[in-house]
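The next block holds one structure in the form of structure tokens; read it before the comments.
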Amino acid sequence: MKAFPQKLCNILNDYSYFPLIPAPQRRFLMHQILDQDAGAKEHLYYVAQEDTAAEFLESETEITTKNSLSRTKLPDVWQVRTKNGDVLLLYTTQKLKDNIQYLRYPEGIHLRRNGFYVEAKPSNESWRQKPFMELSAGQALPDWSLGLFFYKGDRDPFAAAEKQQRTIYLWTSILGIAAMGILVGMVGRYQIRQMRLTRLKNDFVATVTHELKTPLASMRLLTDTLLEGRYRDETQVRDYLELIGKENHRLSRLIDNFLTFSRMERNKRIFDFRKVHPADIVNAAIESVHEKVSAEGFELKINLEPNLPEIVADRDGLVTVLINLFDNAFKYSESEKWIGVHVYADKAMVCFEVTDRGLGMSRREMKNIFERFYQVDQRLSRKVGGCGLGLSIVKFIVDAHGGEIDVTSERMLGSRFGVKIPVLLENHS
Ligand code: ADP
């Protein structure tokens, strides 16, 4: 820009310049400069204001006497008189909006902290977006409305609070219902368990009665027969005595199991943990069933691996485990009378396996066999003599040794029960 117009621009920008320049002359000169050099606009600060003032005068708007904002005949131009009444201020709508926007930060306090801001607009205009709250701007800005907005991204705190409240109610209800459901479920399960236990106990009493009565009745019959001398010869006497011995044995086993069970129930089974060789346990158990094996024509295959380590265990307890497993193998075998015993060491465990080729079980039937009183087939168990305690006792003893028990079985092919006992007992009680 040339030096002369720059100087002229300075004069035109200076409203205190003396001699005073009349408004029409100032505006004329401004436009002359702009016609020659449109780029001079940035050096002429008040062209728009002069234009608005001139348009205002031409519009013949009645000049307001109030010091509150009022419309002019020009669209988007507002007038307001200063308090002492000697100056008339003209504002475009945009300028007013900008000024009010500026109030967002009164005295440097950023309203954003509260998550909202205020916008203003002439009442007849519509909002760019719906404000959360709208009110008229008051006496100084009649015909103007103020709107309260929340910053984009900030949640409307009222809606958020309401939502939070709703969420709390919802969760309270869900948790309440869930708690009730769980409670009802627990009560239901408890009742079902109680009913099952009662039924099992009743069955147990029936089984026990039967189990005790049968050998007692047959022993009595046999002794009566012998006492009355109703026998053919010595061989028959011997046969009868053998039968009595067998029944007696069965009864003793049964009573042993009852006693173990009752001690177990009262947590009274005190184990005597000592170093013992696995072969010792197996031999003691076999000795106890030896007669039965030969009497019933079973083949017993014993496989004790060499160099088995000694274990710390309750000898009698583990003998009871094996006897119970043998007993089941006898009871649940039919034509294939074969029992296998395999003892081997596996890492820090000694494993005792008892296998039979009997009736076996399906996967479903195997599920509860370690539970007390549980019998897969009650009629069969009653026929062969059982009261559903054997395996629960086995499991109790194995658990007390910190051991494991597992079973594999297939219907009509047989079963394999595996008992693993740790070589060194940890924290035994
Ligand atoms: P029980 O006195 O009835 O034999 P157990 O607790 O010893 O009770 O066994 C539970 C059930 O597991 C038995 O009723 C039987 O159905 C099944 N069972 C146990 N051992 C065998 C096996 N070797 N072969 C097939 N079924 C078995």
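Order of appearance sets the numbers: ligands from 1, and atoms from 1 within every ligand. In this text the structure is predicted, and so the values were computed from the model without any measurement. Side chains included, hydrogens not; waters and symmetry mates left out as well; all remaining heavy atoms used.
- For atom 17 (C) of ligand 1, the closest non-hydrogen atom on the protein side is Met361 SD, 3.8 Å.
- With ligand atoms numbered from 1 in the order given, ligand 1 contributes 14 (O), 16 (O) to contacts under 4.0 Å with heavy atoms of Val376.
- In terms of polar-atom proximity, Gln375 is counted as a contact of ligand 1, with an N or O under 3.5 Å from an N or O of the ligand.
- By the 4.5 Å heavy-atom criterion applied to side chains, Ile311 and His401 are not counted as neighbours.
- Among all non-hydrogen protein atoms, the one lying nearest atom 25 (C) of ligand 1 is Tyr332 CB, 3.6 Å.
- Relative ring orientation between Tyr15 and Tyr46 is described as perpendicular, the plane-to-plane angle rising above 60° on a 0-90° scale split at 30° and 60°.
- Note that the CD atom of Glu310 and the CG atom of Asp280 stand 9.0 Å from one another [nearest 0.5 Å].
- Remark: side-chain polar atoms of Asp327 are not paired, donor with acceptor, to backbone N or O of Ile323 under 3.5 angstrom.
- For atom 22 (C) of ligand 1, the nearest non-hydrogen atom from the set Ala329, Gly360, Ser415, Ser333 belongs to Ser415.
- Residue contact check for ligand 1: Phe370 places no non-hydrogen atom closer than 4.0 Å to it.
- At under 3.5 Å, a nitrogen or oxygen of Gly388, whether backbone or side chain, sits near a nitrogen or oxygen of ligand 1.
- Residue Leu359 has no nitrogen or oxygen atom sitting less than 3.5 Å from a nitrogen or oxygen atom of ligand 1, judged on distance alone.
- In terms of modelled atom types and a separation under 3.5 Å, the side chain of Ser294 and the main chain of Glu291 share a donor-acceptor contact.
- Side-chain contact between Arg274 and Asp272: present, with at least one pair of heavy atoms (C-beta onward) separated by less than 4.5 Å.
- Nearest to atom 5 (P) of ligand 1 among the protein's heavy atoms is Leu391 N, 3.6 Å.
- Of all atoms in ligand 1, listed by their number and element, those nearer than 4.0 Å to a heavy atom of Gly390 are 5 (P), 6 (O), 7 (O).
- Taking 4.5 Å as the limit, every side-chain heavy atom of Asp143 sits out of range of all side-chain heavy atoms of Pro122.
- Atom CD in Glu336 sits 10.0 Å away from atom CG in Asp356 (nearest 0.5 Å).
- Ranking protein heavy atoms by distance to atom 23 (N) of ligand 1, first place goes to Asp356 OD2, 2.9 Å.
- In this structure, the protein non-hydrogen atom closest to atom 10 (C) of ligand 1 is Tyr374 O, 3.3 Å.
- When side chains are defined from C-beta on, Val407 counts as touching Phe370, because their heavy atoms get closer than 4.5 Å.
- A cation-pi contact, defined as under 6.0 Å to the ring centre and within 45° of the axis, is absent between Lys301 and Trp338.
- Taking only nitrogen or oxygen atoms, main chain and side chain alike, Lys331 reaches within less than 3.5 Å of ligand 1.
- Taking all heavy atoms of Thr355, Ile339, Ile369 into account, the minimum distance to atom 12 (O) of ligand 1 is reached by Ile369.
- For atom 19 (C) of ligand 1, the closest non-hydrogen atom on the protein side is Asn328 ND2, 3.5 Å.
- Atom 14 (O) of ligand 1 has as its closest protein heavy atom Ser381 OG, 3.1 Å.
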